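To start, the structure under review is shown below, and the notes come after it.
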Amino acid sequence: MLDPHVFRDQLDITIQRLRDRYFEFDRSAWSALEIARRKAIQDLEGLKADRNKITDQIRSRKQAQENTSDLLEKQKASSENLAQCEKVMRDIESEWESFLSLIPNVPHVSVPLGQTSGNNQEIKTWGTPRVLDHPQDHIDLGVHLGILDLERATKITGSRFAVLKGAGAQLERALGAFMLDIHLKHGYSEVIPPYLVNPESMYGTGQLPKFENDLFKVPHGESHLYLIPTAEVPITNLYRDEILKETELPVRHCALTPCFRSEAGSYGKDTKGIIRQHQFHKVELVSFTREEDAPQELERLTENAENILEMLELPYRRMLLCTGDMGFSSHKTYDLEVWLPSQQTYREISSCSWFGTFQARRIGLKYRTSPPKGGNRHLHTLNGSALAIGRTWVAIIENGQQADGSIVLPKALVPYMGGLERITL
RNA sequence: GGAGAGUUGCCGGAGUGGCCGAACGGGUUCGCCUGCUAAGCGAAUGUUCAGGGUAAACCUGGACCGGGGGUUCGAAUCCCCCACUCUCCGCCA
């Protein structure tokens, strides 16, 4: 949620920045809502002020043992009016809020303009992509080695689920442990959050109200819960409605969780293999910082993610997403893309974003500035995958493939694989 | 799932239906004192919305004592529903 004040003080520039990301702000609807809201507030507060005054008079008359019946009459007479105003107020307020909640974040000035991923900007590349004459994809390699079983997963659950076996399962587990260990050294504190969250949490990070179709929804009691699509949701909501101390910032957390995505809008894409699954593991980094520290925190966090790729000897590039390709809540996003020999291209393996105060505003997340400044300000939230484990698995299998179909594992991973250097038949 | 006890400001903890936005204590900040520290003394210390003033300070009004309803002229205080926490019982990995 954007600060409503920017629609009063900096309306034109904000509209332009939203247009940059292809969101058309409905100016007249907003202005109508603003006027109606202000009037409703003033009407209601005026009535309440009157009521409070009379109540005060009743009290002092009672103390003086005087007659109060005329005041009581007056008070009763206005109560209906007040109830009416309250209803108007409630309706307007919720309309006003839902209008705001559907507006995406504005892009940072450094974000390149453009509508599609073709306009993303390459910031850097690392490593030398392997170009093979006859590359096999992770499906052929995995099935052949007996470490990946898609057919049985389909039997158990359905499409877009996988079973990992033997060294494949071990590799998945090793990757999670390896990544977490590195991020502990990077200064993140590990968290294991719930994998089911309530609707408020989903609203807080911006998945709701717009993207419910992408989520798995689970009935629970009178209400329902959602399976997390990323650890971003529970971790960012950790401090909801709290005021942190400036001295304890930045707060950095990492978490390994399963992620569940319904991917309702992606039926045609990546139908084969485990690139796009309904369930996958991911190590997520989340940072909470002051405004002035946020830009460099995004760089730091992205570098922490890149560090994993480098330690795993996987060629990648860093892309700065253009305005049209950014997520709803994002202020600025870098994607890391890993080289996949079978596709002869780079594929997304991490997304690192800075949200400004967009999420903090929805979540009620602030920090208390130290005197003499004083006062509370919204925190800046950031997060990034570091990394998506399923796709890392794919990248390791494909990049490590040998002519004989075996997989040479990155050196950094060997200790986590019980000394195993190569996956063979 | 059953029974009971709770939920108040940064923290602890009072609060008879009416100057209670909330006693008291602690913490924190500022000042005084002090060779330094501690102690002591004095003062300050909520959020948010609307309006006025705007560089700010500030002023006026509304709301907020877990959340939502209700009773009442008036609710932190009474009633109902819900959530959460704690203790005991049951069940369970």
Side-chain angles (χ1 to χ4, degrees), chain A residues 1-10 30-101 192-204 218-226 234 237-249 251 357 360-379:
Chain A
M1 175 125 68
L2 290 169
D3 184 350
H5 291 105
V6 303
F7 295 113
R8 295 171 195 154
D9 308 336
Q10 306 161 41
W30 168 250
S31 122
L33 273 174
E34 274 283 272
I35 291 168
R37 175 171 178 268
R38 192 162 307 156
K39 180 173 187 314
I41 288 173
Q42 286 171 3
D43 288 353
L44 181 63
E45 292 192 350
L47 285 175
K48 283 188 171 175
D50 290 347
R51 184 200 61 185
N52 289 347
K53 275 198 201 93
I54 297 176
T55 295
D56 255 12
Q57 288 171 24
I58 293 174
R59 182 181 42 77
S60 37
R61 277 209 209 169
K62 285 226 169 180
Q63 275 169 356
Q65 310 222 324
E66 290 168 6
N67 186 297
T68 58
S69 55
D70 59 324
L71 292 177
L72 295 183
E73 288 291 316
K74 207 167 159 188
Q75 202 71 313
K76 275 191 175 159
S78 71
S79 72
E80 198 172 310
N81 202 354
L82 195 116
Q84 178 61 30
C85 276
E86 260 171 350
K87 188 185 170 333
V88 170
M89 177 69 209
R90 261 199 302 276
D91 292 349
I92 289 286
E93 187 78 15
S94 80
E95 215 180 313
W96 184 81
E97 268 176 26
S98 91
F99 181 90
L100 280 177
S101 75
I192 299 184
Y195 304 149
L196 286 157
V197 300
N198 57 35
E200 291 74 38
S201 295
M202 284 297 182
Y203 175 84
V218 181
H220 180 250
E222 304 283 293
S223 180
H224 56 269
L225 299 171
Y226 296 95
N237 277 281
L238 253 186
Y239 305 108
R240 187 162 79 211
D241 293 322
E242 292 189 36
I243 300 171
L244 305 184
K245 294 196 188 83
E246 185 172 15
T247 49
E248 63 195 16
L249 299 175
V251 171
T357 58
R361 218 169 271 288
R362 291 175 164 233
I363 283 175
L365 176 58
K366 300 181 175 181
Y367 67 99
R368 190 182 313 287
T369 57
S370 312
K373 285 174 284 174
N376 301 333
R377 297 162 69 185
H378 284 100
L379 278 161

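Just so we're clear, the structure is a prediction, and the values are computed from it rather than from any experiment. All chains are named by letter (A, B, ...) in the order of the sequence lines, taking the proteins before the strands, and each is independently numbered beginning at 1.
- The gap from the P atom of B:rA22 to that of B:rC79 amounts to 26 Å, rounded to the nearest Å.
- B:rG74 and B:rG52 have their P atoms separated by 30 Å, given to the nearest Å.
- Going from the C1' atom of B:rG31 to that of B:rG25 covers 22 Å, rounded to whole Å.
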With the criterion being N/O to N/O and under 3.5 Å, what pairs connect the protein with nucleotides 45-49 of chain B, and how long is each?
{"from": "B:rU48", "atom 1": "OP1", "to": "A:K366", "atom 2": "NZ", "distance (Å)": "2.7"}

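- In this structure, A:D43 atom CG and B:rG61 atom P are separated by 19 Å, rounded to whole Å.
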Is there a side-chain contact (heavy atoms from CB on, under 4.5 Å) between A:K48 and A:E86? Walk through the geometry before answering.
CA-CA 10 Å; A:K48 283 188 171 175; A:E86 260 171 350; 3.7 Å; yes
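- Of the possible polar contacts, one joining the A:N237 side chain to the A:S201 backbone as a donor-acceptor pair under 3.5 Å is found.
- No contact: A:D56 has no heavy atom under 4.0 Å from any strand.
- Note that CG of A:L365 and NE2 of A:H378 are 8.0 Å apart. Values are rounded to the nearest 0.5 Å.
- If you take atom C1' in B:rU48 and the same atom in B:rC41, they sit 36 Å apart, rounded to whole Å.
- Across the protein-nucleic acid pair, A:E242 atom CD and B:rC11 atom C1' stand 14 Å apart, rounded to whole Å.
- With sequence neighbours left out, A:D70 forms a salt bridge (Lys or Arg N to Asp or Glu O under 4.0 Å) with A:R61.
- Here B:rC10 presents its C1' atom at 12 Å from CG of A:L244, a figure rounded to the nearest Å.
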Under the side chain to side chain donor-acceptor pair (under 3.5 Å) criterion, do A:S78 and A:R51 qualify, and how do the steps go?
CA-CA 8 Å; A:S78 71; A:R51 184 200 61 185; over 6 Å; no
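- Taking atom C1' in both B:rG26 and B:rG68, the straight-line distance is 34 Å, to the nearest Å.
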In the 5'-to-3' direction, what one-character label does each nucleotide of nucleotides 65-81 of chain B receive under the scheme B = base within less than 4.0 Å of a protein heavy atom, S = sugar-phosphate only, - = no such atom?
--------BS-------
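- Taking atom P in both B:rG46 and B:rG53, one finds a spacing of 26 Å when rounded to whole Å.
- As rounded to whole Å, 11 Å separates atom P of B:rG62 from atom CG of A:L44.
- Residues passing the salt bridge (Lys or Arg N to Asp or Glu O under 4.0 Å) test with A:K62, sequence neighbours excluded: none.
- A 6.0 Å sphere centred on CD of A:Q65 holds no more than 12 heavy atoms belonging to other residues, nucleotides or ligands.
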Reading RNA chain B 5' to 3', how would its secondary structure be written in dot-bracket notation, given Watson-Crick and G-U pairs with both distances under 3.5 Å, brackets [ ] for crossing pairs and | for partners on other strands?
((((((((.[[[..)..(.....]]]((((((.......))))))(((((((.....))))))).[[[[[..)....]]]]])))))))....
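- B:rU45 and B:rA57 have their P atoms separated by 15 Å, with the value rounded to a whole Å.
- For B:rG15 and B:rU77, the P atoms lie 14 Å apart once the distance is rounded to whole Å.
- Residues meeting the salt bridge (Lys or Arg N to Asp or Glu O under 4.0 Å) test with A:E242, sequence neighbours left out: none.
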May I have the step-by-step check of side-chain contact (heavy atoms from CB on, under 4.5 Å) for A:W96 and A:W30, ending in yes or no?
CA-CA 8 Å; A:W96 184 81; A:W30 168 250; 3.4 Å; yes
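- If you take NZ of A:K53 and C1' of B:rG62, they are 11 Å apart, rounded to a whole angstrom.
- Interatomic distance, CD of A:Q75 versus CD1 of A:I54, reported as 4.5 Å (0.5 Å rounding).
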Run the side-chain contact (heavy atoms from CB on, under 4.5 Å) test on A:E95 and A:F99 for me, step by step, so that the C-alpha distance in whole Å, both residues' side-chain angles and the decisive distance to 0.1 Å come before the verdict.
CA-CA 6 Å; A:E95 215 180 313; A:F99 181 90; over 6 Å; no
If you apply the rule side-chain contact (heavy atoms from CB on, under 4.5 Å), what do you find for A:H220 with A:V218, and how did you get there?
CA-CA 6 Å; A:H220 180 250; A:V218 181; 5.5 Å; no
